[in-house]
Amino acid sequence: LLDQTSALLEEAWQLFAEDLQSDCNAETAQALDFLFAEHGLHNTRSLLLDFVAKRAEWWAYTEGAGDAAAFAAAALRRDLAVEPERDILADLFADAALAIDAEEFAGWLERGTATDLKHAEKLRKALAGRDFEAFSAVFLTGEGEPRKREYSKALAGRVGEAGAARFLDLHRMLSARMQEAHQQLAAQAAYRLNLAGLRCGAGLLAAYQQLKAERQTVDFTDVEWRVHQLLNRSEHAEYMQYKLDSRYRHILLDEFQDTNPLQWQIMRS
């Protein structure tokens with residue numbers, strides 16, 4: 001039974017990286033390159049080592065799945081309701097109705113304050129250049145909330161009552177479209193990060209388990225998982241549960257700093 005695993009985890013990391021170098025075009029290698037490029041070496045290592053630390057939960061969640069990473073990614077895709085391959089911004093700017101509404105809104109802005117005039121110019125440039133960030137900034141604050149635009153006598157005086165109502169309706173509608181696009185982009189980014197993390201995490205875990213198997217060792221998580229399987233999944237589960245219920249009140253797995261690194265303490269009822 002392994003008491004300290006940090007050195008073995010480091011060895012597993014090296015084994016994992018070396019295996020990927022031999023096939024740079026593999027999906028896992030490309031996923032690791034993505035993580036390095038987007039989040040750096042330190043954050044990538046922290047992410048993947050945290051994944052390995054939660055391996056019992058991972059095994060429980062993906063038990064029975066042929067490709068655990070693909071299984072988890074498919075579930076995540078359903079939960080996020082994300083379309084990973086969709087070009088959200090291309091679809092947005094290809095929407096003729098959006099362009100018409102944006103042009104109309106820019107026309108109303110031109111009848112407003114000096115700030116509104118600047119927003120009108122910015123909006124038209126963003127629409128022509130398909131600049132999503134600039135386009136979105138006309139309607140949303142830096143926190144992603146709609147800019148505050150409310151009815152006022154000054155507004156009605158400039159554009160009339162009907163014009164004021166139309167101006168505010170357009171602002172609400174276009175702000176909602178921008179928020180929806182931001183949410184879709186965030187969902188795609190979350191999916192890409194998790195997909196890469198799942199693939200690489202599963203690869204690092206496999207390397208770690210391989211090293212332990214070669215050296216005929218287990219760690220405490222392995223013990224935890226095997227007890228779980230024994231009591232819940234094996235053909236002996238009912239018998240074991242019966243014996244435990246009839247004989248033991250508690251089973252404690254503990255460490256002691258002496259010649260025996262592991263002792264089972266059985267508290268008999």
Side-chain angles (χ1 to χ4, degrees), residues 34-40 42-44 46-47 50 72-198:
F34 168 80
L35 291 174
F36 284 155
E38 294 292 322
H39 304 285
H42 175 75
N43 290 333
T44 297
S46 296
L47 173 69
D50 285 346
L76 179 65
R77 181 172 181 170
R78 290 193 301 270
D79 291 341
L80 292 175
V82 66
E83 300 176 71
E85 307 305 324
R86 180 186 171 195
D87 191 334
I88 293 169
L89 298 186
D91 291 347
L92 182 74
F93 285 109
D95 187 344
L98 176 74
I100 292 171
D101 289 341
E103 179 58 39
E104 182 184 352
F105 188 77
W108 292 114
L109 286 172
E110 288 177 332
R111 300 171 65 177
T113 65
T115 300
D116 289 337
L117 287 171
K118 291 180 180 179
H119 279 160
E121 181 181 2
K122 184 177 183 179
L123 181 58
R124 286 198 172 101
K125 286 183 178 179
L127 185 62
R130 297 194 166 201
D131 185 340
F132 174 68
E133 293 301 327
F135 190 102
S136 178
V138 175
F139 301 97
L140 304 180
T141 66
E143 291 72 37
E145 296 298 322
R147 292 189 178 277
K148 189 175 181 180
R149 294 189 183 277
E150 298 177 339
Y151 173 85
S152 68
K153 291 183 179 179
L155 175 61
R158 291 194 300 269
V159 300
E161 293 291 340
R166 177 60 178 166
F167 174 73
L168 295 175
D169 282 344
L170 282 169
H171 175 66
R172 283 190 291 270
M173 180 175 60
L174 290 169
S175 296
R177 287 290 304 274
M178 294 304 101
Q179 286 183 309
E180 180 185 9
H182 275 289
Q183 290 167 0
Q184 291 171 334
L185 290 170
Q188 283 187 334
Y191 177 79
R192 285 193 293 269
L193 169 62
N194 280 275
L195 180 61
L198 290 169

Side-chain touch [X]/[Y], heavy atoms, less than 4.5 angstrom:
{"X": "Ile88", "Y": "Asp91", "result": "no"}
{"X": "Gln184", "Y": "Glu83", "result": "no"}
{"X": "Leu76", "Y": "Val82", "result": "no"}
{"X": "Thr115", "Y": "Lys118", "result": "no"}
{"X": "Val159", "Y": "Leu155", "result": "yes"}
{"X": "Leu185", "Y": "Leu89", "result": "yes"}
{"X": "Leu109", "Y": "Glu121", "result": "no"}
{"X": "Pro84", "Y": "Arg77", "result": "yes"}

N-O pairing of [X] and [Y] below 4.0 Å:
{"X": "Lys153", "Y": "Glu161", "result": "no"}
{"X": "Arg177", "Y": "Asp101", "result": "no"}
{"X": "Arg124", "Y": "Glu103", "result": "yes"}

Do the side chain of [X] and the main chain of [Y] share a donor and acceptor less than 3.5 angstrom apart?
{"X": "His39", "Y": "Leu47", "answer": "no"}
{"X": "Thr44", "Y": "Leu35", "answer": "yes"}
{"X": "Gln188", "Y": "Arg86", "answer": "yes"}
{"X": "Arg149", "Y": "Leu168", "answer": "no"}
{"X": "Gln179", "Y": "Gly144", "answer": "yes"}
{"X": "Arg166", "Y": "Trp108", "answer": "no"}
{"X": "Ser136", "Y": "Phe132", "answer": "no"}

Would you name the heavy atoms of [X] and [Y] that are closest together and state the gap between them?
{"X": "Ala72", "Y": "Leu198", "result": "CB-CD1, 3.8 Å"}
{"X": "Glu110", "Y": "Leu117", "result": "O-CD2, 3.2 Å"}
{"X": "Leu127", "Y": "Ala102", "result": "CD2-CB, 4.2 Å"}
{"X": "Ala73", "Y": "Tyr191", "result": "O-CE1, 3.5 Å"}
{"X": "Leu92", "Y": "Met178", "result": "CD2-CE, 4.0 Å"}
{"X": "Arg130", "Y": "Ala90", "result": "NH1-O, 4.2 Å"}

Checklist entry - Should Leu195 and Phe34 be marked as a side chain to side chain contact (heavy atoms under 4.5 Å, CB included) after you check the CA-CA gap, both sets of side-chain angles, and the distance that decides it? => result CA-CA 10 Å; Leu195 180 61; Phe34 168 80; over 6 Å; no
Checklist entry - Can you check side chain to side chain contact (heavy atoms under 4.5 Å, CB included) on Phe105 and His171, steps first, answer last? => result CA-CA 7 Å; Phe105 188 77; His171 175 66; 3.7 Å; yes
For the atom pair [atom1] ([X]) and [atom2] ([Y]), what is the distance rounded to the nearest 0.5 Å?
{"X": "Asn43", "Y": "Asp50", "atom1": "CG", "atom2": "CG", "value": "10.5 Å"}
{"X": "Leu170", "Y": "Ile100", "atom1": "CG", "atom2": "CD1", "value": "11.5 Å"}
{"X": "Phe139", "Y": "Met173", "atom1": "CZ", "atom2": "CE", "value": "9.0 Å"}
{"X": "Arg158", "Y": "Ser152", "atom1": "CZ", "atom2": "OG", "value": "6.0 Å"}

